[in-house]
Amino acid sequence: MYSFLSIPIFLAAGFLIPFIGSSNAKNSRRIALIASFLAIVVSLFEIPSVLLNKISVKYMSGWMAPYGISVAVDAFSLVFIILASVIGFLVVLYSKKYITSWSVEYYTLLMLLFTGVMGVLHAGDLFNLFVFFEILSIASYALTAFHKNKKSLEGAIKYLILGSFTASFMLLGIAIIYGIAGTLNMADLAGTLGAGLSTSTAIAFGLIFAALAFKSAVVPFHYLKSDILEVTIPPVGAFFASIVSATGIYAIMRLYFTVFNAGFLTHHILILLGVMSIILGSLMALKQKDIMRLLAYSAIAQVGFVVLAFGMGAFVSESYIAGIYHLINIVFIDALLFFCAGVLVLKHKTTNMEHLQGVGTVNPVLSYGFLIGALANAGVPLTNGFASKWLIYVASIKVSPILTIITVVASAITLAYSLKAYSVLFLSNAKNPKTIKLDGTIIFPIVFLCIICIALGIFYTAGISISEIATKALLNNKPYILGVLG
Amino acid sequence: MFVNYIAALLICIGIYTVLAKENLLKKIIGFSIFSNGIHLLLISIGYRVSGVAPIITDIKTTGLSLFVDPLPQAFVLTSIVIDLSITALAVAIIIQVHKKYKTISAKKLDNLRG
Amino acid sequence: MIFEFLLLVAIILAIAAVEVKDMLYAVLILGGLDLVVAVLFYLMAAPDIAITQIVVTAVFGTFIYVVAVNRTGRKEVIE
């Protein structure tokens with residue numbers, strides 16, 4: 001079990017940075033870079049053992065499964081772990097220009113945020129899930145308020161009150177499940193709960209689902225994306241929009257398929273939430289004058305597509321593959337869009353698109369990056385967004401033609417506001433264009449993400465086969481139960 | 001068990017405070033009441049009638065008595081510490097809000113719209 | 001007998017902490033509620049949780065709240 005080492009690596013970096021970085025602030029960034037790079041390395045080392053044995057388990061301190069804490073990684077988790085470590089490394093690289101002062105505190109909080117994300121992705125029982133979910137939440141509250149201007153503080157205190165409440169609801173749900181089943185190990189719960197479902201179990205799952213949905217920003221729990229992404233600094237905003245949201249969806253699907261074995265009829269609820277997210281995200285993004293809010297509502301709409309695909313999976317079994325593939329794609333697309341728009345926000349200190357007209361024309365890297373991101377967002381062929389959206393359209397025809405109409409119209413609206421954002425920022429004539437000089441730490445993430453977007457679009461069979469392996473691990477929970485319980 | 005109802009009542013008082021009071025510090029006080037209710041509920045889930053505390057005091061005689069369930073107690077320990085850190089962070093942000101806005105009333109914080 | 005009495009005292013303290021208009025009194029009543037809940041933990045056969053509850057919420061928690069009331073004022077609603 002190598003990928004579990006990323007949790008101690010990030011924790012150790014989080015504790016070392018205040019000691020070593022207080023003498024020389026540049027060391028804090030170097031430690032963060034080393035830690036993120038090591039996390040990518042150990043998560044890539046995990047691939048052979050997961051592909052061979054279908055699941056990789058580690059029992060902490062040797063206590064066997066129902067009595068002790070276990071860490072379990074199967075193919076579905078490994079996809080998210082690799083995504084999280086890669087995007088984490090890019091965010092640490094990209095935030096060099098944004099953090100000129102207080103860099104020790106920033107990198108410490110970022111390392112704690114990565115610890116929380118990695119912990120949630122590795123969790124083998126509900127207790128671990130809750131603790132690392134709280135670490136993730138507290139680091140994100142502090143990072144929201146980082147620059148301490150009026151809007152950030154207001155967003156942070158509102159986010160804190162809402163988020164801590166829903167996390168306590170998650171604790172209440174876990175307490176109810178413990179009262180019913182007597183164990184908190186996910187594999188053990190799958191054996192105990194899958195047989196009979198009762199009202200109390202449904203209430204408990206609803207409470208836990210509310211907390212996880214608040215982190216993953218599905219409508220009507222979309223506070224994280226609609227208000228918070230406007231006030232955070234762009235690297236942190238990119239990480240929230242892509243990875244924190246994907247972690248929430250991962251936890252929901254892990255609970256729903258592995259623990260509860262999709263035993264109750266909530267596929268209709270998932271389809272309803274997905275459709276509401278798509279409609280609200282697309283329509284609200286049309287009327288935005290603020291570039292960060294526009295990208296945030298666009299991210300809400302994309303997550304709506306993923307939830308819709310997971311909901312349709314009860315009727316069309318290929319829809320799960322489309323859902324996971326689209327989730328991988330939107331992580332890259334949202335990160336790319338936030339990275340490109342963030343440079344302009346940094347340079348001109350405003351997020352209002354009327355003041356930002358034409359400021360991007362001076363730099364071709366930003367221009368091409370945002371163009372590829374906007375086209376991939378809308379689902380234009382040759383980009384990765386097209387391949388996954390095509391699968392969702394095909395699946396939705398078999399379910400109901402109304403869903404196909406909604407998804408296709410939403411994609412058209414996505415094209416409209418993506419190109420509107422692109423043309424306002426990068427095609428208009430600017431009043432006073434200042435030249436933007438980019439150094440490698442900003443160019444490398446943007447170019448890397450562009451190459452991945454186009455590569456995943458051209459070689460879509462690779463993406464589909466990765467999603468297929470992940471879907472098989474997700475839907476069939478017998479190997480998971482056997483692997484953990486021995 | 002009577003204690004479950006009281007814990008549920010404390011949870012409801014906590015939720016009411018967060019929703020209805022407009023002072024931000026009062027909302028955090030409501031969060032403290034809410035978390036006290038949840039901890040009381042958790043420990044009462046683990047309670048066994050005429051059980052003793054799950055601590056080994058004397059090796060010879062302790063194995064013969066009925067222990068209360070130790071797992072919810074571990075939960076409550078973790079949750080108490082997490083709630084302390086949330087309270088500390090919330091108070092730090094509220095003090096900064098007071099510096100910038102000169103008020104800590106939630107009705108006057110309305111810059112994020114749309 | 002004493003257990004049910006302490007439960008009722010906890011409810012009365014919670015309602016008082018919410019409704020009092022002076023923030024310092026509300027914070028101190030909240031400290032009292034934490035203490036009563038700690039005694040309830042002890043009576044429910046969890047002495048280590050009782051010690052943690054007293055040290056963490058009744059001492060450190062009240063200290064943090066008193067610092068907050070010091071920096072932001074004692075009135076709940078300012079017109």
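Computed from a predicted model, the values in this text were never measured in an experiment. In what follows, chains are A, B, ... by sequence order, proteins preceding strands, each numbered from 1.
Leu71(B) contributes atom CG, which lies 4.5 Å from atom OH of Tyr178(A) (distance to the nearest 0.5 angstrom). For the atom pair Leu41(B) CG and Ile176(A) CD1, the distance stands at 7.5 Å (nearest 0.5 Å).
Between the Lys100(B) side chain and the Lys148(A) main chain, a donor and an acceptor come within less than 3.5 Å of each other.
What you find for Gly179(A) and Ile45(B) is that their closest heavy atoms are CA-CG2, 4.2 Å. The shortest heavy-atom contact between Tyr101(B) and Glu154(A) is OH-OE1, 3.0 Å. When all heavy atoms are compared, the tightest approach of Ser168(A) to Phe34(B) is CB-CE2, 3.0 Å.
Leu89(B) touches chain A through backbone and side chain together, each having a heavy atom under 4.5 Å away. Proximity to chain A (any heavy atom under 4.5 Å) is restricted, for Ile38(B), to the side chain, taken from C-beta onward. In this structure, chain A has a heavy atom under 4.5 Å from the side chain of Thr78(B), while its backbone stays farther away. Proximity to chain B (any heavy atom under 4.5 Å) is shown, for Ile135(A), by neither the backbone nor the side chain. With a 4.5 Å cut-off on non-hydrogen atoms, Ala175(A) touches chain B through its backbone and its side chain both. Contact annotation for Ile138(A): both backbone and side-chain heavy atoms come within less than 4.5 Å of a heavy atom of chain B.
With a 4.5 Å cut-off on side-chain heavy atoms, Ile161(A) and Ile28(B) count as touching. Side-chain atoms of Ile82(B) and Leu171(A), non-hydrogen and from C-beta on, never get closer than 4.5 Å to each other. A heavy-atom distance below 4.5 Å is found between the side chains of Leu109(B) and Ile157(A).
Within residues 125-132 of chain A, the residues having any heavy atom closer than 4.5 Å to a heavy atom of chain B are Phe127(A), Phe130(A), Val131(A), listed by residue number. For residues 15-26 of chain B, a heavy-atom distance under 4.5 Å to chain A picks out Ile15(B), Val18(B), Leu24(B), given by residue number.
When Ile94(B), Ile11(B), Ile86(B) are compared by the number of non-hydrogen pairs under 4.5 Å with chain A, Ile86(B) comes out ahead. Chain B forms the most heavy-atom pairs under 4.5 Å with one residue out of Gly155(A), Ser137(A), Ala156(A), Ser164(A), and that residue is Ser164(A).
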